[in-house]
Amino acid sequence: MTDQVSQSGWRAWLTTDTPTSRRQAKLSSWYHGWLAFRGNTMAMFGLGILVFLILIAIFAPLIAPHDPLAQDLGNRLKPLGESGHFLGTDSLGRDILSRLIYGARITLYIVILVALIAPVVGLFIGTVAGYTGGIIDATLMRITDIFLAFPRLVLALAFVAALGAGIENAVLAIALTAWPPYARIARAETLTIRNSDYISAVRLQGAGPLRIITKHIWPLCLSSLIVRITLDMAGIILAAAGLGFLGMGAQPPTPEWGAMISEGRRFILDHWWVATMPGLAIFTVSLAFNLLGDGLRDVLDPKDGGS
Amino acid sequence: MTDSTDTTGRTSFFMSTLIKLATTLGAIAFTMLGLLFVTFMIGRVMPIDPVIAVVGERASKELYDTTFLEMGLDKPLIVQFGYYLADVLQGDFGMSRLNGRPVAEDIARVFPATLELATLGTFIGVFIGVPLGVVAAVKRGTWIDQVARVIALIGYSMPIFWLGLVSLLVFYGILGWVGGPGRVSIFYMDIVPPVTGMILVDSILDGNWEVFWNAVSHIILPASLLGYFSLAYISRMTRSFMLEQLSAEYITTARVKGLSERSVIWKHAFGNIKVQLITVIALSYAGLLEGSVLTEIIFSWPGIGSYITTALLSADMNAVLGGTVVVGLVFVCLNVFSDLLYKFYDPRAK
């Protein structure tokens, strides 16, 4: 293809019923997915918020009107819009809007790290258990059950207490409590794929278990995992904010949203905005992830599609 | 079951039930053992010297050494775990470092508070969530369905501790409609004799309505919050179960036969999702029992969640381990209960 293909040209190429290459077939199925997704207003709304959040996080130094850590005790607890502080100031006179903007970076950092660790661990354990079966399967699934039986937040709290408070440890703790559902999903998918004809065909060609799992089972587990990850993101954000609120996540003066609520809690009766604004930020972002996840589920996983 | 079941059939049914029961019990035992092991290991990894935690920082070297040996800390970890296990099986979780009382007693005191809150929350979630889910499924695609969806989505996305703070600010701070944090106002504390430990029940038993209404004004806000979260989950699950049933052919048959819509929906479709629904409710109940940590902290509710958190923040490891094990046990039991219910009452699962 040349770059000069007209717009209708590439659209026709993408929507053709007779793809001429593997790449065309793949891109075409993605394009159809995107078309279905684009029709879902709520999901597009969620995507919009997230793109906005990512831009804010990237360009935080350019957007933020003030230094998020700069204290100004003469201007403490100023209400909305007063003396150049659009969302007011906190108990140390720091600009709340700027802290929220920089906090977007921390939120994204936590979410991305957890979303990279937990599903990979779960995918590995689930596919190995499902593919090998027998005693290995039973043992791995029992271990999964043990972790599922824990109260999630309490387990995360205990891990952080053992490892020491901080963002990295909070990420580890949340990931440690988040992997079991992924393992369950991956195992269920593996069990349905394991005995299909194409796996037998690959095995007859001499492929070993490692190759079958990594090349032929993992790709098929991905779509249900991606849906689950997106729906879990909201939970991860809420868990991270909860840890921050309890003083077990990001340490002061880091502008983490949960910790900001905790700081504002003492002034809630007289200076409501200090605790309210970061809560609204958390709510907006986790709502966006939920909307996106709902939409993705309809596209990627039509069997339990919503409306 | 027909009346003509012969003896062999009955024995084999009995045997299979027995085997099922044995495997279930085995699974519970294994899960609990793992739970204990993980909590025990977390406790050992913690950067806290357990001996100093007992004798205090200014103890003499001799005292330190004898206590070290007494606690069995010179033994291998696995042996130490064996000692801990033996104690736990006798209901002994050790002493709390914070108040010097046995942890088991503390848990028996704080658990009813959590139970009270979670039960009320679940009631609210069920009584609003189930009808909402059914209506959303029946009126699929209409504005009612959309509203139900938005209500659930907001519930999934809301940081509970923040919603708790804001609702305290609005309903207690500004409007003054409800009681503040805690279970009862300070004048009403320790008036009714504790029988069950649940203050609503105790005040009814005592016939003390003043305390009862005061307790209601305190519990209503946190219980509604927990109820909202359970409602979000229950209504979504109800909706998807109902959709599955409503598209089945027997529903069409029932409609063709001329049954009223009400009978089709509530008797036929809803009748078939009851068991699934109870499973969901049990899971949500377990979630409230363990997940009310943040709510309890915001509302200064003296339940097991705030007990574990306080203990954790002051490095009271015996209390943390004991609390976690008890919560885990309750969670496992509820899970097993819903599993069994499913197996025995839903013929499709056989």
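Order of the sequence lines sets the chain letters (A, B, ...), proteins ahead of strands, with each chain counted from 1. Everything quoted here is computed from the prediction, not taken from an experiment.
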Is it true that, when you exclude [X] itself, more than 12 heavy atoms of the residues, nucleotides or ligands shown sit nearer than 6.0 Å to its [atom1]?
X      : atom1 : result
A/I135 : CD1   : no
B/F81  : CZ    : yes
A/F37  : CZ    : yes
B/F331 : CZ    : yes

So how far is it from [X] [atom1] to [Y] [atom2], rounded to the nearest 0.5 Å?
X      : Y      : atom1 : atom2 : answer
A/S262 : B/F161 : OG    : CZ    : 9.0 Å
B/R149 : A/D294 : CZ    : CG    : 4.5 Å
B/W162 : A/I268 : CH2   : CD1   : 9.0 Å

In sequence, state the C-alpha distance, the side-chain angles, and the governing distance for A/F283 and B/I154, and then conclude on side chain to side chain contact (heavy atoms under 4.5 Å, CB included). CA-CA 8 Å; A/F283 171 65; B/I154 292 179; 3.8 Å; yes

Between B/L294 and A/L153, is the side chain to side chain contact (heavy atoms under 4.5 Å, CB included) condition met? List the steps. CA-CA 9 Å; B/L294 290 166; A/L153 190 62; 3.7 Å; yes

Which members of residues 31-38 of chain B, sorted by number, sit under 4.5 angstrom from chain A on a heavy-atom basis? B/T31, B/G34, B/L35, B/V38

Between A/L148 and chain B, with a heavy-atom cut-off of 4.5 Å, which part of the residue counts as in contact: side chain, backbone, both or neither? backbone

Would you mind telling me which of B/G173, B/G328, B/S157, B/G305 has the largest number of heavy-atom pairs within less than 4.5 Å of chain A? B/S157

Top residue by heavy-atom pair count (under 4.5 Å) with chain A, among B/V150, B/L153, B/I308, B/V320? B/L153

Among residues at least two apart in sequence or on other chains, which ones pass salt bridge (Lys or Arg N to Asp or Glu O under 4.0 Å) with A/D145? A/R142, A/R184

Which residues pass the salt bridge (Lys or Arg N to Asp or Glu O under 4.0 Å) test with A/R265, sequence neighbours left out? none

Within a strict 4.5 Å, meaning less than it, do heavy atoms of the A/V154 and B/V293 side chains meet? yes

Residues A/W272, B/V166; criterion side chain to side chain contact (heavy atoms under 4.5 Å, CB included); working and verdict: CA-CA 8 Å; A/W272 56 271; B/V166 173; over 6 Å; no

B/Q80: what forms a side chain to side chain donor-acceptor pair (under 3.5 Å) with it, not counting sequence neighbours? B/R44

At a 4.5 Å cut-off on heavy atoms, which part of [X] comes close to chain A: side chain, backbone, both, or neither?
X      : value
B/L168 : neither
B/Y156 : both
B/L163 : neither

Taking all heavy atoms of B/P159 and all of A/G279, pick out the closest pair and write down the distance. CG-O, 4.1 Å

Which of the residues A/A275, A/P278, A/A234, A/G235 is involved in the greatest number of heavy-atom pairs with chain B at under 4.5 angstrom? A/A275

Where do B/I298 and A/F245 land on the side chain to side chain contact (heavy atoms under 4.5 Å, CB included) test, with the steps shown first? CA-CA 10 Å; B/I298 289 286; A/F245 178 75; 3.5 Å; yes

